[in-house]
Number of protein chains: 2
Amino acid sequence: MIRDSRLSSVLHGLLHMIGAGEPVTSEQLAKAMATNPVVVRRVMAGLREQGIVRSEKGHGGGWTLARDTSTITLAEIYRALGAPTIVAMGHRSENPGCLVEQAVNDALGDTFREVEAIFMKRLGAVTLDTLARDFKRRLAKHRQTIEDQTHVAK
Amino acid sequence: MIRDSRLSSVLHGLLHMIGAGEPVTSEQLAKAMATNPVVVRRVMAGLREQGIVRSEKGHGGGWTLARDTSTITLAEIYRALGAPTIVAMGHRSENPGCLVEQAVNDALGDTFREVEAIFMKRLGAVTLDTLARDFKRRLAKHRQTIEDQTHVAK
DNA sequence: TATCATGTAACGTCATATGTTGCATGATTG
DNA sequence: CAATCATGCAACATATGACGTTACATGATA
């Protein structure tokens, strides 16, 4: 099964945009996201339509966040991507006439729906700001580690 | 995203096998599962390796359940299919060096794992027997409905 | 021995995420 | 105004994996 990495990818890009202070070009984002500028525009286009990011053409143009990071949840970003499939399994057919089909669909369908609901709830509970803070913590810890190693090296 | 319907499909086939009393051929299963005999063999092969079903060649051959239906969970069947992807999303790369990547992977990865654990727990709580009973209930209710309609028609 | 059924390889088909090229459009700079 | 930079977008290529199909081998039964 091919896994959709757009959500992971776009979050990576957005984190790079936070704190940049100036518009980030698709070219720069492409490097950070290890992909192609056109792919970046394609993915970001969805976020722009939802008012999550803005794009500017010409000199000094590029992508900027349109709102405060604390108001942007991962769920909203996920939906802006077109709400791709979460559960990679489904039914062969929607044949309500077959009782066997009904029994199977009920057993699996309930589970699929529950899992998707939990997923969305989790995404809705995390904002871009949360992610950014987490990143800063890691950065600080990383720097501390480097410093410690430097002291040891002395 | 292409949804994997093997689990749904194979459950459909297994329900048809229950109560058949005699081996069911791939040909017959293919009709019930709305697919091809070769596909049936391909999918059932995994279940056979796990000792869930048996296959017999020649006249009067076909597929039979190898164990009591109350000992077969949907989780086991799922694993016998090769444990296909549950969550249709993933990370672009596993680059532990990038701190941004780490922050994103942690936020999404935890959710992915939690969702998959819930999914497996749910599948583990349902046996083939449970499904079969559910089907019989539906069948009885269906017959009752038909009978009621017949009385009304009188 | 003929027939029936599975076992399996080797294809083809289709959907979708992703990669790539090319060109149009609009904004900025000189 | 012209050159440059950046996005916007169509069009096509590529890769992957589920699913479909054909062909032939193997083994069991009548």
Side-chain angles (χ1 to χ4, degrees), chain A residues 1-10 12-13 17 20 22-49 52-64 66 78 81-93, chain B residues 1-10 12-13 17 20 22-49 52-64 66 78 81-93:
Chain A
M1 179 60 59
I2 305 172
R3 294 182 119 158
D4 188 334
S5 63
R6 280 178 294 176
L7 181 57
S8 165
S9 180
V10 79
H12 201 135
M17 279 170 60
E22 56 184 11
V24 183
T25 67
S26 301
E27 193 89 35
Q28 295 171 307
L29 285 176
K31 284 183 182 170
M33 295 157 70
T35 180
N36 190 292
V38 179
V39 174
V40 171
R41 291 187 195 113
R42 195 145 60 198
V43 172
M44 287 293 175
L47 303 202
R48 182 185 51 220
E49 284 171 15
I52 297 173
V53 297
R54 264 194 289 265
S55 62
E56 298 289 342
K57 290 180 176 178
H59 269 283
W63 300 90
T64 48
Y78 164 80
L81 292 176
T85 307
I86 297 171
V87 175
M89 281 180 282
H91 311 309
R92 166 161 303 271
S93 63
Chain B
M1 179 60 59
I2 303 173
R3 294 181 118 161
D4 188 334
S5 64
R6 280 178 294 176
L7 181 58
S8 165
S9 181
V10 79
H12 202 135
M17 279 170 60
E22 55 183 13
V24 183
T25 67
S26 302
E27 194 87 35
Q28 295 171 307
L29 284 175
K31 283 182 182 171
M33 295 157 71
T35 180
N36 191 290
V38 179
V39 175
V40 171
R41 291 186 196 114
R42 194 146 62 199
V43 172
M44 288 292 174
L47 303 203
R48 183 184 51 222
E49 285 171 14
I52 297 173
V53 296
R54 264 194 290 266
S55 62
E56 299 289 340
K57 290 181 177 179
H59 269 283
W63 300 89
T64 48
Y78 164 79
L81 291 176
T85 308
I86 297 171
V87 176
M89 280 180 282
H91 310 308
R92 166 161 302 269
S93 63

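Values below: every heavy atom of this structure, side chains too, minus hydrogens, waters and symmetry copies. In what follows, chains carry the letters A, B, and so on, assigned in the order in which the sequence lines appear, proteins first and then strands, with residues in each chain numbered from 1.
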Least distance between heavy atoms, B:Ser8 atom then A:Gly90 atom: CB-O, 3.5 Å
A:Thr64 versus A:Met17, closest heavy-atom pair with distance: C-CE, 3.4 Å
Length of the [atom1]-[atom2] vector between [X] and [N], whole Å:
X	N	atom1	atom2	result
A:Glu49	D:dG8	CD	P	10 Å
A:Leu81	C:dT18	CG	P	10 Å
A:Met44	D:dA6	CE	P	16 Å
A:Arg3	D:dA18	CZ	P	12 Å
A:Glu27	C:dT20	CD	C1'	13 Å
A:Leu29	D:dA6	CG	C1'	12 Å
B:Arg48	C:dA5	CZ	C1'	12 Å
A:Met89	D:dG17	CE	C1'	15 Å

Presence of A:Ser5 side-chain N/O under 4.0 Å of C:dA17 phosphate oxygens OP1/OP2: no
B:Thr25 side chain near C:dT6 phosphate (N/O to OP1/OP2, under 4.0 Å): no
Quick one: which of [options] gets closest to the side chain of [X]?
X	options	value
B:Ser26	C:dT6, D:dG8, D:dC19	C:dT6
B:Asp4	C:dA5, C:dA17, D:dA18	D:dA18
A:Trp63	D:dC19, C:dT18, D:dG8	D:dG8

Under 3.5 Å donor-acceptor, A:Glu49 side chain and A:Gly46 backbone: no
Protein-to-nucleotide contact annotation, 5' to 3' order, nucleotides 20-30 of chain D [B base; S sugar-phosphate only; - none; under 4.0 Å, heavy atom]: BBB---BBBB-
Validation row: A:Ser5, B:Met89 side chains within 4.5 angstrom (heavy atoms): no
Residue list, side-chain contact (heavy atoms from CB on, under 4.5 Å) with A:Glu56, at least two apart or on another chain: none
Sugar-phosphate, base or nothing in reach of A:Arg54, heavy atoms under 4.0 Å: nothing
All pairs passing side-chain hydrogen bond (donor to acceptor under 3.5 Å, both in side chains) where residues 33-48 of chain A contributes a residue, at least two apart: A:Ser26-A:Arg41, A:Arg48-A:Ser55
Approximate separation, where rounding is to 0.5 Å, of B:Leu7 CG and B:Leu81 CG: 6.0 Å
